[in-house]
Amino acid sequence: MDDHRDNEIQGIDGASHPTGESQGTNTSKKTKSRGPSKGVQAKKPMHLQYNQYGIPDGEWSGEYGKQVGSCAARININVKEYSTLDEHTKKGFWEETKLLFHIIDDPAKRREKYFHMCVAKRFGAFKSRLTRRWITKKEKMPKHQTNDMPWDIYHQITEDDWKTFVIERNKPEMLVRREKASKSALQNKHPHRTGQKGYVRKRPEWINDGRLPPEAALTLSSGSSSVTSSLTTAPDRFKKFRSVEWILAHQVKNKEGKWEVDPNDK
């Protein structure tokens, strides 16, 4: 699987918080930071599509991302890792998601495994954000939240939860772990710039500003969540634009307002 396609569900990020503990969303320095956002809201049945790599794609990928955030939100912040969460709860998350998006299990359970991987990432990312904002203070708080505490923004977090979390995060082994993670992050020379939108919701923008041709709007999906349906109806389109999209996802504007990476540079 192409690792850059993981961002297909980061339309995913608009995480939601209907119940449970808490959830954060990824923001950049140039975007307005938010607290918990709204959960899955659809006025018609949602039939999730998957692309040829088994990654959510198409119309409902953004809502799927919110559902991932919703599940991560229900996990107490003092659960050490998603993998340690009881199997009954994890199975419940998946069964709920299947019903919401009319997902049919595949024999190898790749869709379920991918779902749990995404929830685990979101849960870990949220705890890291809490740490950066309120413990290490390496991430600046937005002005309208300067004096807020975690339980003021994420109402699923209690003061007692937070006290326990701070103690755990300040343990020597956690300090070593954070330092190691920071050094590892610095090794990423090509970070994605798609933010919360991911490839699916960035494509229309790239087409509108002329960086992708109109035919790139063709879906990569089968149009169905059925296991028996073909993997993709547009393999040629995917092959043609995959590399260009990867480049576009990593571009930033320079001081002159131009994109630093030429999408025609192979």
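Cluster membership check: Phe126 shares its hydrophobic cluster with Met141, using side-chain heavy-atom separations under 4.5 Å among Ile, Leu, Val, Met, Phe, Trp and Tyr. In the hydrophobic clustering of ILVMFWY residues, with side-chain heavy atoms under 4.5 Å counting as a link, Ile55 and Met117 come out together. Criterion: ILVMFWY side-chain heavy atoms under 4.5 Å apart, direct or through other members. Under it, Phe165 and Met149 are part of a common hydrophobic cluster.
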Show your reasoning for whether side-chain hydrogen bond (donor to acceptor under 3.5 Å, both in side chains) applies to Arg74 and Ser70.
-> CA-CA 7 Å; Arg74 305 176 212 179; Ser70 169; 2.8 Å; yes

Arg122 vs Tyr82, side chain to side chain contact (heavy atoms under 4.5 Å, CB included): CA-CA, chis, key distance, verdict = CA-CA 10 Å; Arg122 185 70 64 77; Tyr82 181 74; over 6 Å; no

Do Thr97 and Tyr64 pass the side chain to side chain contact (heavy atoms under 4.5 Å, CB included) test, and can you show the C-alpha distance, the side-chain angles, and the key distance before you say yes or no?
-> CA-CA 8 Å; Thr97 303; Tyr64 175 85; 3.9 Å; yes

Do Tyr154 and Leu130 pass the side chain to side chain contact (heavy atoms under 4.5 Å, CB included) test, and can you show the C-alpha distance, the side-chain angles, and the key distance before you say yes or no?
-> CA-CA 10 Å; Tyr154 307 101; Leu130 290 175; 4.2 Å; yes

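Judged by distance alone, the side chain of Trp151 and the main-chain N or O of Asp160 form no donor-acceptor pair under 3.5 Å. Formation of a donor-acceptor pair under 3.5 Å by the Asp106 side chain with backbone atoms of Arg110 is found in this model. The closest donor-acceptor contact from the side chain of Asp161 to the backbone of Asn78 lies at 3.5 Å or more, if one exists at all. Judged purely by atom type and a 3.5 angstrom limit, Lys202 has no side-chain atom pairing as donor or acceptor with the backbone of Arg193.
Summarising the local packing, CG of Asn147 is surrounded by 12 or fewer heavy atoms from other residues, nucleotides or ligands at distances under 6.0 Å.
Closest non-hydrogen pair, Ala249 versus Tyr199, comes out as CB-OH, 3.6 Å. For the pair Ala216 and Phe241, the tightest heavy-atom approach, listed with the atom from each and the gap, is CA-CE1, 3.9 Å. Of all the heavy atoms in Phe123 and Asn76, the pair that sits closest is CZ-O, 3.4 Å. A pairwise comparison of heavy atoms in Phe93 and Cys71 identifies CZ-O, 3.4 Å as the closest pair. Contact detail for Gly58 and Gln49: the closest heavy-atom pair is CA-OE1, 3.5 Å. Between Pro45 and His102, the shortest heavy-atom contact is CB-CE1, 4.1 Å.
Residue pairs meeting the salt bridge (charged side-chain N to carboxylate O under 4.0 Å, His left out) criterion with at least one partner in residues 167-182, sequence neighbours excluded, are Lys80-Glu168, Glu81-Arg177, Glu168-Lys171.
With Glu112 as the fixed residue, the salt bridge (Lys or Arg N to Asp or Glu O under 4.0 Å) test singles out one of Lys90, Lys91, Lys98: Lys91. For the side chain to side chain contact (heavy atoms under 4.5 Å, CB included) with Ile77, the lone residue among Ile157, Thr158, Thr164 that qualifies is Ile157.
Between Arg133 and Asp148 no salt bridge is recorded (no basic side-chain N to carboxylate O distance below 4.0 Å).
Atom NZ of residue Lys127 and atom OG1 of residue Thr131 lie 8.5 Å apart, to the nearest 0.5 angstrom. In this structure, the separation between CD on Glu245 and OG1 on Thr194 is 11.0 Å, given to the nearest 0.5 Å. Distance check, rounded to the nearest 0.5 Å: CD1 of Ile153 to NE2 of His144 gives 7.0 Å. Interatomic distance, Gln67 CD to Met46 CE, rounded to the nearest 0.5 Å: 8.0 Å. Atom CG of Leu48 sits about 11.0 Å away from atom CD of Glu63, to the nearest 0.5 Å.
Ring pair Phe115/Trp94 is tilted by interplanar angle, where 30° to 60° counts as tilted.
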